[in-house]
Undergrad: 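Provided herewith is a single structure, encoded as structure tokens, for subsequent inquiry.
Computed from a predicted model, the values in this text were never measured in an experiment. The chains referred to below are lettered A, B, ... by the order of the sequence lines, with proteins before strands, and numbering in each begins at 1.
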There are 2 protein chains.
Amino acid sequence: MTASISTIMASLAKCSQPGSGVTRLPFTDQHRQANAMITALMEKAGLHVSLDDAGTLVGRRQGPEGAPTLLMGSHQDSVRNGGRFDGAMGIILPILALTDLKDIELPFAVEVLAFPDEEGVRFPTTLIGSRAIAGSFDMDVLSYHDADGISLRQAMQSFGLKPDNIPQLDRRNSRILGFVEVHIEQGPILEDMNMPVGIVTSIAGVDRFTISITGVANHAGTIPMEKRKDALVAASEMVLAVNRLATESNGGKATVGQLGVFPNAVNVIPGQVDMTLDIRFDNDASRDQLGEDITTAMVAIAAEHGTEIVITKTYSQAVTPCDAVFREKLAEASRQVQPETIELSSGAFHDASAMADLCSVGMLFVRCREGISHHPDEMVEEEDMARAVEVLKRFLLDLDPDN
Amino acid sequence: MTASISTIMASLAKCSQPGSGVTRLPFTDQHRQANAMITALMEKAGLHVSLDDAGTLVGRRQGPEGAPTLLMGSHQDSVRNGGRFDGAMGIILPILALTDLKDIELPFAVEVLAFPDEEGVRFPTTLIGSRAIAGSFDMDVLSYHDADGISLRQAMQSFGLKPDNIPQLDRRNSRILGFVEVHIEQGPILEDMNMPVGIVTSIAGVDRFTISITGVANHAGTIPMEKRKDALVAASEMVLAVNRLATESNGGKATVGQLGVFPNAVNVIPGQVDMTLDIRFDNDASRDQLGEDITTAMVAIAAEHGTEIVITKTYSQAVTPCDAVFREKLAEASRQVQPETIELSSGAFHDASAMADLCSVGMLFVRCREGISHHPDEMVEEEDMARAVEVLKRFLLDLDPDN
């Protein structure tokens with residue numbers, strides 16, 4: 001009798017620092033324990049297992065001579081006190097699909113990749129393993145330090161890796177068929193539609209800004225309301241404008257996630273507010289338009305309140321489209337387990353975002369409970385994971401490397 | 001030739017920790033230096049000077065035998081990087097008025113009090129000297145510590161005081177005519193009306209609240225706008241309601257001065273916001289009404305956004321009315337220097353707030369530049385200080401202790 005998928009996920013979740021939920025950071029004992037468990041599952045699937053020098057655990061199944069390789073997988077790490085499905089499920093489900101297909105020949109090689117880091121919790125960088133394979137890893141990052149003063153280079157060396165070999169992991173000159181990632185949705189759409197899986201059309205583009213609003217700090221008891229230049233009143237009107245414009249944008253998302261008030265005293269009118277803005281959309285033109293609408297509104301609001309505003313764009317990433325053939329093949333395969341094909345955009349980044357620099361990417365989302373993730377309550381039902389394995393198997397069986 | 005008042009204020013401002021503006025905390029070397037300068041000025045005015053065991057420097061001019069005593073004065077301390085007028089001017093101007101009246105007999109005794117602390121910057125308490133005299137000093141406060149771990153008791157002892165004698169400073173069984181405090185307005189009203197001085201009608205009552213709003217923290221990229229329970233969006237609507245209701249209240253002031261967002265990350269929808277609310281009004285019924293209007297609006301806004309709200313009242317102080325006779329006498333005296341009597345309410349606390357527990361209080365506000373205080377740019381013109389001295393002299397000459 002085979003263990004249920006939920007049992008496997010629960011066992012893997014025990015590779016964690018103490019505390020609620022899962023805390024598994026890259027290049028730690030917990031990472032090593034997780035790799036040992038994943039290695040055993042990979043070997044059971046007949047995969048040849050190796051650890052590359054960026055810390056990605058690679059389980060390879062050979063194909064016919066000269067055939068291209070399909071890459072699959074996701075990240076082994078979690079946020080602090082996170083869930084057991086985010087990342088880990090995208091490693092386990094392909095292994096289980098390949099276990100079932102162990103004795104069936106496929107016209108391509110397959111590798112399941114268990115990337116060391118996607119959450120960026122331990123070091124101020126992310127996507128270490130996928131960037132190494134995509135040829136976009138920046139070697140300067142090796143000198144970044146964690147909160148204990150350990151550099152990424154030291155952490156990797158202690159883990160038994162030779163980080164100086166990372167440039168040799170670049171697969172840009174290999175025959176790669178593409179990268180397919182299974183991931184929990186981390187949102188409520190599939191649950192709302194009562195569908196177990198969905199096909200990702202694209203990974204949303206993102207723009208990030210910092211906004212600094214300067215008014216005049218003064219005594220809360222002595223300045224009449226009409227004489228104030230309250231930076232927090234201006235900022236509050238901006239937060240509402242962000243919310244309203246994103247809601248009206250038909251698909252865009254915009255969030256003020258960080259906000260700080262200065263001097264932040266009960267009896268002082270706020271003189272300055274610094275805040276962040278994160279804008280996402282599944283197409284670049286709409287994201288640009290929403291960003292322009294929001295920043296225009298902010299400038300007008302600042303002026304109405306007699307406050308100064310400085311808006312700085314700190315980050316911008318274009319939409320990552322998913323490959324049309326992968327989408328079509330995943331959609332066909334999904335009809336094995338549900339009556340309709342559900343397509344949706346991913347608002348979050350994934351290893352697929354980095355892998356898109358190397359090859360075509362496809363993503364399959366699995367329904368989660370109440371859209372909760374990055375939390376101990378993160379939950380995917382056994383039945384939905386089993387369905388996703390069926391979809392992957394059908395996808396693998398139908399995929400034609402020459403088309 | 002006598003030094004200008006501005007020169008005296010500038011000299012006193014040198015009794016400060018290094019840095020911009022004035023930083024003079026109680027029971028420090030800077031306090032000692034300031035007391036030495038004030039003592040010299042008091043002696044020049046013919047006052048008998050002593051330091052009481054709460055740290056109040058007392059300059060006394062005797063009256064006829066058995067006559068009551070008029071108390072005047074303000075606090076010697078400043079906020080960090082504050083101005084040179086807040087507090088200090090209310091000590092110097094009465095001394096200068098009494099210097100001019102040195103050879104004129106008055107039918108009452110006068111004491112000028114230089115209180116050690118009103119700003120509450122060094123220790124988590126305030127109004128030490130005025131509460132001692134008013135008989136409302138809480139001896140438990142002596143065990144409070146400053147940021148260096150020095151207790152108030154230790155600080156007072158190092159300053160040469162015997163804090164155990166504080167209960168003996170209580171003047172409730174003495175014949176006190178009242179307490180009159182001169183202070184910079186710390187607001188823009190007198191400047192706007194082009195008037196050098198104003199008569200304070202009352203010191204505003206204050207209610208303070210903490211407000212905690214709980215929504216649902218989640219991924220900024222994956223949750224559609226219409227599915228969010230964003231605590232910061234709800235809080236922003238509340239900040240605007242506070243501002244609008246206070247503006248419409250005709251004289252009330254309400255301020256959200258502190259606000260914190262959790263988890264406060266660029267890519268996470270805010271799950272919780274904690275903020276403060278400070279409400280002031282020059283009459284208690286209106287303040288109660290404004291508080292009720294605001295909290296009712298907050299509860300409705302929280303519900304509209306599907307968020308939870310907890311509102312806690314943390315502090316409440318009723319209006320302190322100024323004495324009608326003092327108001328009338330100060331108003332008459334002010335007509336020496338300006339055509340009209342200007343009456344206004346004080347939105348800030350003062351030593352007079354504590355002295356009101358002991359006796360009738362009166363306050364004279366002096367115009368400042370652009371309403372700025374608690375800042376190195378705090379400014380009162382020489383001419384306005386000279387006018388205030390004239391008002392005080394006229395007030396002292398006209399005051400009838402039997403009326």
Side-chain angles (χ1 to χ4, degrees), chain A residues 185-189 192 204 206 208 217-228 230 232-233 235-240 242-243 246-247 249 251-261 263-270 273 275-278 280 314 346-349 371-375, chain B residues 185-189 192 204 206 208 217-228 230 232-233 235-240 242-243 246-247 249 251-261 263-270 273 275-278 280 314 346-349 371-375:
Chain A
E185 183 200 338
Q186 302 183 277
I189 295 172
D192 283 356
V206 179
R208 286 188 180 152
N218 217 323
H219 196 299
T222 61
I223 310 297
M225 299 307 292
E226 63 277 11
K227 302 275 289 183
R228 298 178 175 206
D230 184 326
L232 182 58
V233 170
S236 295
E237 211 168 296
M238 293 178 201
V239 169
L240 296 181
V242 167
N243 197 59
T247 303
S249 73
K253 301 182 186 87
T255 308
V256 176
Q258 282 186 312
L259 187 146
V261 175
N264 207 34
V266 62
N267 63 340
V268 181
I269 300 164
V273 169
M275 60 191 197
T276 61
L277 170 65
D278 176 295
R280 308 198 188 205
T314 55
S346 171
F349 301 147
I372 295 167
S373 77
H374 286 191
H375 191 281
Chain B
E185 182 199 340
Q186 302 182 278
I189 296 173
D192 283 356
V206 179
R208 285 186 180 155
N218 217 323
H219 197 299
T222 61
I223 310 297
M225 300 308 292
E226 63 278 10
K227 302 275 290 183
R228 299 179 174 206
D230 184 327
L232 181 58
V233 170
S236 295
E237 212 168 292
M238 293 178 201
V239 169
L240 295 181
V242 167
N243 197 59
T247 303
S249 73
K253 301 182 186 89
T255 308
V256 176
Q258 283 186 313
L259 188 146
V261 175
N264 208 35
V266 62
N267 62 341
V268 181
I269 299 163
V273 170
M275 61 190 197
T276 61
L277 171 65
D278 176 296
R280 308 199 188 205
T314 55
S346 172
F349 301 146
I372 295 166
S373 77
H374 287 190
H375 192 279

Undergrad: Tell me, side chain or backbone of B:V268 under 4.5 Å from chain A's heavy atoms, or both, or neither?
TA: backbone
Undergrad: Do B:K253 and A:I269 come close enough that some side-chain heavy atom pair is under 4.5 Å?
TA: no
Undergrad: Does A:E185 reach the side chain of B:T222, with side-chain heavy atoms less than 4.5 Å apart?
TA: no
Undergrad: Distance from B:H219 atom NE2 to A:I372 atom CD1, nearest 0.5 Å?
TA: 14.5 Å
Undergrad: What residue in B:L259, B:T247, B:L277 has the most heavy-atom pairs under 4.5 Å with chain A?
TA: B:L259
Undergrad: Out of A:I223, A:V242, A:L240, A:V206, return the one with the most heavy atom pairs under 4.5 angstrom to chain B.
TA: A:L240
Undergrad: Chain A: which of B:A246, B:A265, B:G187 shares the most heavy-atom pairs with it under 4.5 Å?
TA: B:A265
Undergrad: Let me confirm one number: the CG-OG1 distance from A:N264 to B:T276, rounded to the nearest 0.5 Å.
TA: 7.5 Å
Undergrad: Closer than 3.5 angstrom, by distance alone: can the side chain of A:S236 be matched with the main-chain N or O of B:V239 as a donor-acceptor pair?
TA: no
Undergrad: I need the residue from A:M238, A:H375, A:R228 with the largest number of non-hydrogen atom pairs under 4.5 Å to chain B.
TA: A:R228
Undergrad: Taking every heavy-atom pair that is under 4.5 Å apart, which of B:V273, B:I189, B:V266, B:D278 has the most such pairs with chain A?
TA: B:V266
Undergrad: So B:V256 and A:P270, do their side chains get closer than 4.5 Å, heavy atoms only?
TA: no
Undergrad: Is the shortest heavy-atom distance from the side chain of A:M275 to the side chain of B:V261 under 4.5 Å?
TA: no
Undergrad: Checking heavy atoms, do the side chain of B:E237, its backbone, both or neither come under 4.5 Å from chain A?
TA: both
Undergrad: Evaluate the side-chain proximity of A:R280 to B:N267: yes if any heavy-atom separation is below 4.5 Å, no if none is.
TA: yes
Undergrad: For B:N218, is it the side chain, the backbone, both, or neither that has a heavy atom closer than 4.5 Å to a heavy atom of chain A?
TA: side chain
Undergrad: Given heavy-atom pairs under 4.5 angstrom as the criterion, report whether the side chain, backbone, both or neither of A:A204 touches chain B.
TA: neither
Undergrad: Which residue out of A:G252, A:G347, A:A220, A:G221 racks up the most heavy-atom pairs below 4.5 Å with chain B?
TA: A:G221
Undergrad: Rounded to the nearest 0.5 Å, how far apart are CG of A:D230 and OG1 of B:T255?
TA: 7.0 Å
Undergrad: Quick one: which of B:G260, B:A254, B:G251 has the most heavy-atom pairs under 4.5 Å with chain A, could you say?
TA: B:A254
Undergrad: Against chain B, label A:Q186 side chain, backbone, both or neither, depending on which of its atoms sit under 4.5 Å from a heavy atom there.
TA: both
Undergrad: Answer with side chain, backbone, both or neither: which region of B:A217 has an atom nearer than 4.5 Å to a non-hydrogen atom of chain A?
TA: neither
